[in-house]
Amino acid sequence: MKLWWVGIVISLVFSKWANGFVEHSFNETELSFLEAYGESKVGANYLMVGLTLIPGAGAKRAVCLDGTLPGYHLHRGYGSGANSWLIQLEGGGWCNSIRNCVYRKTTRRGSSRFMEKNIAFTGILSNKAEENPDFFNWNRVKLRYCDGASFTGDGEDKARQLQFRGQRIWLSAMEDLKSKGMRYAKQTLLSGCSAGGLAAILHCDEFRGLFPRTTKVKCLSDAGLFLDAPDVSGGRTLRNLYNGVVGLQGVQHNLPRVCTNHLDPTSCFFPQNLIANIQTPLFILNAAYDSWQIQSSLAPASADPAGFWHECRLNHAKCTPSQINFLQGFRNQMLNAVKRFAMSNKNGLFINSCFAHCQTERQDTWFADDSPVIGKKAIAIAVGDWYFDRTSVKAVDCPYPCDNSCHNLVFQRAN
């Protein structure tokens with residue numbers, strides 16, 4: 001298997017990563033690092049796209065955590081893709097407490113002041129047919145993530161000068177893009193990675209509502225299937241995190257009513273309680289052994305004070321048989337979570353048995369000579385086949401360790 005080695009400094013809760021990221025939440029830190037992995041590999045041959053701030057957002061209080069304007073990167077389509085639009089929602093964890101959010105607003109995840117002015121468009125955002133066969137000539141947008149609640153919050157904390165305006169950012173961005181031609185789209189795809197993948201699920205039907213019925217609209221969630229699953233101590237690490245996000249940022253008012261009518265708001269932030277009721281065609285792409293969920297939800301240091309899981313969480317090859325058995329149980333929970341969803345002909349599924357996180361924006365995992373496959377079909381081809389109705393795609397890998405096409409993320413402690 002391909003092993004992608006990353007040097008990391010690991011601590012219990014407050015972490016400083018070897019590549020320079022410093023965050024005050026182990027969940028946000030590890031997720032941001034995993035999502036950013038591969039950016040360091042960007043070379044001169046990749047398309048670099050500039051940041052556009054949304055000028056009218058301020059008047060609508062559609063602002064980042066620190067009050068700065070939100071933004072996106074847009075590369076125009078051409079030819080057969082001139083009236084097609086792909087919107088990629090950036091990921092990057094969540095902030096679930098005043099302390100986390102106050103820190104977050106001093107980073108690119110909470111302020112446009114710190115966002116890169118130019119980013120590389122790779123994978124599903126690439127402009128090369130040989131790297132992105134179905135979407136290379138579409139209008140491709142990456143919407144930056146600076147609210148910390150998957151584009152769903154609406155509130156503020158005046159004393160701490162925090163703006164929780166994710167829902168307004170989402171609406172303001174869509175309005176701005178419509179004014180730039182998206183209103184005339186013939187076909188659209190809303191996608192996202194990780195926290196952005198969750199956002200793509202949460203906003204999927206809203207996105208459908210932006211266009212006339214004659215427009216083809218579908219959604220794609222990459223590494224957004226965060227499960228409400230017990231951690232190795234029997235606790236609910238991720239539920240506790242989400243409970244903080246939902247309560248702090250006023251998320252409950254923007255969650256799908258079909259869910260909140262019978263479940264509590266925190267439960268309705270979990271995709272497993274949403275996906276079966278989404279009316280718009282949705283494709284779920286997820287690693288069965290999601291690297292972030294293993295590190296920060298299933299086996300975080302806070303749930304493993306004795307360090308029994310320490311080596312396993314960094315490198316799956318060092319897991320004991322009982323630990324692998326636990327992870328197989330997690331995979332089973334994931335498959336059960338998508339069972340009803342997968343019964344619909346309109347939906348697509350690609351669950352590969354890899355230790356990975358976010359596979360659409362990395363070129364090596366999206367579409368390359370040695371990219372991950374299920375049944376000889378790469379992720380880019382599977383998504384394209386589903387989007388263009390070339391064939392039904394319900395691809396579920398055999399359990400670990402049978403797949404030798406994975407690009408597994410393996411971590412080692414930095415010296």
Side-chain angles (χ1 to χ4, degrees), residues 62 72 74 77 81-91 124 134-135 138-143 145 149-152 154 166-193 195-222 224-225 251 253-261 268-285 338 340-350 360 383-390 392-394:
Y72 56 78
L74 163 65
N83 289 318
S84 300
W85 288 74
L86 186 152
I87 311 298
Q88 179 84 352
L89 302 178
E90 185 180 33
I124 197 171
D134 284 308
F135 308 108
W138 284 33
N139 296 282
R140 299 167 330 283
V141 179
K142 184 163 187 176
L143 179 58
Y145 178 40
S150 288
F151 298 94
T152 59
D154 195 12
Q167 180 72 18
R168 296 185 188 215
I169 292 171
W170 155 261
L171 292 171
S172 181
M174 294 304 105
E175 184 178 332
D176 193 66
L177 291 168
K178 286 179 74 173
S179 75
K180 293 188 174 179
M182 192 173 75
R183 69 173 73 249
Y184 305 115
K186 301 300 184 190
Q187 49 191 6
T188 62
L189 176 63
L190 176 67
S191 63
C193 150
L198 170 58
I201 292 171
L202 290 165
H203 289 294
C204 185
D205 283 340
E206 276 184 77
F207 187 66
R208 163 73 270 183
L210 296 175
F211 304 95
R213 302 308 301 179
T214 52
T215 303
K216 184 172 191 170
V217 180
K218 295 190 178 186
C219 307
L220 163 64
S221 174
D222 174 16
L225 191 60
V251 169
H253 306 296
N254 296 314
L255 295 170
R257 293 285 173 83
V258 68
C259 181
T260 55
N261 283 341
C268 294
F269 204 61
F270 280 100
Q272 67 202 68
N273 299 318
L274 302 171
I275 54 177
N277 293 314
I278 291 174
Q279 300 302 304
T280 308
L282 172 65
F283 191 103
I284 289 179
L285 162 65
V338 300
R340 187 175 149 214
F341 163 87
M343 292 172 65
S344 172
N345 291 332
K346 73 180 188 296
N347 295 329
L349 193 65
F350 194 102
T360 55
V383 172
D385 283 351
W386 163 80
Y387 185 88
F388 293 103
D389 304 307
R390 293 191 290 248
S392 174
V393 179
K394 302 287 171 59

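Heavy atoms only: backbone and side chains are in, while hydrogens, waters and symmetry mates are out. Position 1 is the first residue of the sequence; numbering continues from there.
Looking at residues two or more places apart in sequence or on another chain, you find no salt bridge (charged side-chain N to carboxylate O under 4.0 Å, His left out) involving R208. Legend: residues meeting salt bridge (charged side-chain N to carboxylate O under 4.0 Å, His left out) with R390, ordered by chain and number and at least two apart, are D134, D385. Considering only residues two or more places apart in sequence or on other chains, K186 meets the salt bridge (charged side-chain N to carboxylate O under 4.0 Å, His left out) condition with none of them. Looking at residues two or more places apart in sequence or on another chain, you find a side chain to side chain contact (heavy atoms under 4.5 Å, CB included) between C219 and L190, C204, T280, L282. In this view, S221 satisfies the side chain to side chain donor-acceptor pair (under 3.5 Å) rule with no residue, not counting sequence neighbours. Under the rule for a side chain to side chain contact (heavy atoms under 4.5 Å, CB included), the partners of T188 that lie at least two apart in sequence or sit in another chain are W85, A185, F207, F211, T215, V217. For N277, the side chain to side chain donor-acceptor pair (under 3.5 Å) criterion is met by R340, not counting sequence neighbours. In this view, L171 and Q167, E206 satisfy the side chain to side chain contact (heavy atoms under 4.5 Å, CB included) rule, not counting sequence neighbours. Under the side chain to side chain donor-acceptor pair (under 3.5 Å) criterion, S191 pairs with Q88, not counting sequence neighbours. For S392, the side chain to side chain contact (heavy atoms under 4.5 Å, CB included) partners two or more places apart in sequence, or in a different chain, are K394.
In this structure, Y145 has its ring center under 6.0 Å from that of F151.
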Which pairs of donor and acceptor atoms, one on a side chain in residues 173-180, lie under 3.5 Å apart (sequence neighbours left out)?
{"unit_1": "E175", "atom_1": "OE1", "unit_2": "K60", "atom_2": "NZ", "d": "3.1"}
{"unit_1": "E175", "atom_1": "OE2", "unit_2": "K60", "atom_2": "NZ", "d": "3.0"}
{"unit_1": "D176", "atom_1": "OD2", "unit_2": "Y72", "atom_2": "OH", "d": "2.5"}
{"unit_1": "K178", "atom_1": "NZ", "unit_2": "L210", "atom_2": "O", "d": "3.3"}
{"unit_1": "S179", "atom_1": "OG", "unit_2": "D176", "atom_2": "O", "d": "2.5"}
{"unit_1": "K180", "atom_1": "NZ", "unit_2": "Y72", "atom_2": "OH", "d": "2.8"}

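Note: T360 OG1 to I124 CD1 = 5.5 Å, rounded to the nearest 0.5 Å.
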